[in-house]
Amino acid sequence: MIETFDAVLPHGITLSCRASGPRDAPAIVFLHGFPEGAFVWDGLLRHFGDRYRCIAPNLRGYERSSAPAEVEAYRAKHLVADLLALIAQQAGGPLAALVAHDWGGAVAWNFAVQHPQALQRLVIVNSPHPGVFLKALQTDPQQQAASAYMNTWSRPEAEVELEAGDFARLWAVFSHMSAEDPSRPGGWLTPAVKDQYRAVWRHGLTGALNYYRVSPLRPPTGPDSPVLALRFPPEFVTVQVPTHVVWGEADVALPASLLDGLEAFVPNLTLTRVPGATHWIVHELPALVAREIERALVR
């Protein structure tokens, strides 16, 4: 059974959450990406809910969670603060695992560096480490081209464009990676799942798009782009907690080349490559993702 509740945090942010499992069990928190919502983790909440307290928040700016108007309110430090407060309120101790995908992974990488005492292990699904991603954005023309959409979605008119025609451009984000092809492991984007996505998107896209607008990690648009001068001191991006990375290698936006050099930033790393799986691996291969989390939990 999946519960829903609003976590009202001490610093004035409310996160709408989905959860399962005994309240006194070790906790796992699941963080979604764009253009998703907490519901994408429902299968895993059911899978792990017999042994763990599983909590999947809608991130700041999504669904019924607080959506501050200011772009600056979506900086990483604020998203990390949301997660720290949620864990303190709901988990009662260090997490058994923090599991995260896409933008949720961006939050999780930062969180694991800054608050290693708050989690026992980290599981990342198709979300690039900031140190590796920065290098790729600065030096790899293919990654710059693959990530060009980040600049498109940062423009003031992005909401109007993405909402047009019953969110036609957002559906295309999925179908571009075979989400509606029943002959592939995809074929997951059914009418019922579309309705779940619509229910999230109809609350508004501005908060979610502000993640792109505020991020310094976007492809350069010219020789003076700030990303070209950006540097991360090693201590700001080195993750010391045990980390298990699961990567669908057919991700066209975040190709498997983003795994190159990852071990320099994650000394305690386990890596599972999944040929043929795309960015939407949580939808495509939920049993595989569950098995990989199980593996991480027994390390």
Side-chain angles (χ1 to χ4, degrees), residues 2-7 13-20 27-49 54-67 74 76 78-80 82-83 86-87 90 95 97-112 119 122-128 150 153 162 167 170-171 173-174 177 179 188-189 193-212 215 245-248 251 253-254 277-286 289-290 292-293:
I2 293 177
E3 314 158 29
T4 59
F5 64 91
D6 289 344
I13 292 293
T14 296
L15 300 181
S16 61
C17 296
R18 304 176 72 82
S20 67
I28 304 175
V29 168
F30 297 83
L31 303 181
H32 67 85
F34 181 82
E36 299 170 299
F39 75 89
V40 302
W41 300 112
D42 282 0
L44 292 172
L45 266 58
R46 295 187 182 97
H47 179 90
F48 290 100
C54 301
I55 305 161
N58 286 289
L59 297 176
R60 177 187 293 222
Y62 286 81
E63 206 230 28
R64 292 181 298 102
S65 293
S66 296
Y74 297 85
H78 301 303
L79 307 175
V80 167
D82 291 350
L83 179 55
L86 180 71
I87 292 170
Q90 299 291 329
L95 298 179
L98 177 60
V99 180
H101 171 247
D102 189 74
W103 268 114
V107 178
W109 283 121
N110 279 282
F111 185 85
L119 69 165
L122 176 65
V123 180
I124 293 288
V125 182
N126 281 69
S127 182
M150 300 180 76
W153 289 352
L162 292 177
F167 307 105
L170 288 179
W171 301 130
V173 169
F174 296 134
M177 294 191 232
W188 55 265
L189 192 58
V193 173
K194 280 190 169 185
D195 284 343
Q196 289 180 294
Y197 273 100
R198 287 188 185 97
V200 172
W201 299 341
R202 284 172 178 161
H203 285 275
L205 298 176
T206 297
L209 292 171
N210 282 343
Y211 285 59
Y212 293 94
S215 176
V245 172
V246 181
W247 205 276
D251 189 333
L254 300 172
T278 78
H279 188 71
W280 314 113
I281 185 173
V282 174
H283 280 300
E284 294 168 344
L285 299 170
V289 175
E292 293 302 318
I293 297 171

State, to 0.1 Å, how close Phe48 and Cys54 come at their nearest heavy-atom pair, and which atoms those are. CB-SG, 3.6 Å
Check for a donor-acceptor pair, side chain of Trp171 on one end and backbone N or O of Leu189 on the other, with a separation under 3.5 Å. no
Run Leu119 and Phe111 through side chain to side chain contact (heavy atoms under 4.5 Å, CB included) and show every step you take. CA-CA 9 Å; Leu119 69 165; Phe111 185 85; 4.1 Å; yes
Pairs involving residues 30-49, ordered by first then second residue, that meet salt bridge (charged side-chain N to carboxylate O under 4.0 Å, His left out) (sequence neighbours left out): Arg18-Asp42
Pairing residues for Phe34 by the ring-ring contact (aromatic ring centres under 6.0 Å, His included) criterion, not counting sequence neighbours: Trp153, Tyr212
For His279, does its backbone N or O pair with a side-chain atom of His101 as donor and acceptor, under 3.5 Å? yes
Can any side-chain N or O of Trp103 pair as donor or acceptor with the backbone N or O of Ala208 at less than 3.5 Å? no
I'd like to know if the side chain of Ser20 and the backbone of Ile2 have a donor-acceptor N/O pair within less than 3.5 Å. no
One should read off an interatomic distance between Leu170 CG and Leu205 CG, to the nearest 0.5 angstrom, of 6.0 Å
Set of residues satisfying ring-ring contact (aromatic ring centres under 6.0 Å, His included) with respect to Tyr62, sequence neighbours excluded: His32, Tyr211
Separation between NE2 of His283 and CZ of Phe174, rounded to the nearest 0.5 Å: 6.0 Å
Of all heavy-atom pairs linking Leu254 and Pro128, the shortest is CD1-CD, 3.7 Å
Looking at every non-hydrogen atom in both residues, tell me the closest pair between Phe5 and Ala19 and how far apart they are. CE2-CB, 3.6 Å
Contact summary for Ala56 and Ala38, nearest pair of heavy atoms: O-CB, 3.2 Å
Reported CG-to-CG distance for the pair Leu59 and Leu83, which is rounded to 0.5 angstrom: 8.5 Å
Any side-chain heavy-atom pair of Leu86 and Cys17 under 4.5 Å: yes
Taking the side chain from Trp109 and the backbone from Ile124, do they hold a donor-acceptor pair closer than 3.5 Å? no
What distance separates Arg60 CZ from Ser65 OG, expressed to the nearest 0.5 Å? 10.0 Å
Looking only at heavy atoms, the pair that brings Leu122 and Ala112 closest together is CD2-CB, 3.9 Å
Give a yes or no answer on whether the side chain of Asp102 reaches the backbone of Gly104 with a donor-acceptor pair at less than 3.5 Å. no
Please assess Ile28 against Val123 for the test side chain to side chain contact (heavy atoms under 4.5 Å, CB included), listing each intermediate value before the final yes or no. CA-CA 10 Å; Ile28 304 175; Val123 180; over 6 Å; no
Taking the six-membered ring for Trp, are Phe167 and Tyr197 closer than 6.0 Å centroid to centroid? no
Contact check, side chains of Asp6 and Arg64, non-hydrogen atoms, under 4.5 Å: yes
When you compare the side chains of Asn58 and Ser16, does any donor N or O come within less than 3.5 Å of an acceptor on the partner? yes
Side chain to side chain contact (heavy atoms under 4.5 Å, CB included) between Trp188 and Val282: does it pass, once the steps are laid out? CA-CA 10 Å; Trp188 55 265; Val282 174; over 6 Å; no
So Leu209 and Leu162, do their side chains get closer than 4.5 Å, heavy atoms only? yes
Which of Val125, Leu44, Val40 passes side-chain contact (heavy atoms from CB on, under 4.5 Å) with Phe30? Answer is Leu44
Does Leu98 reach the side chain of Leu31, with side-chain heavy atoms less than 4.5 Å apart? yes
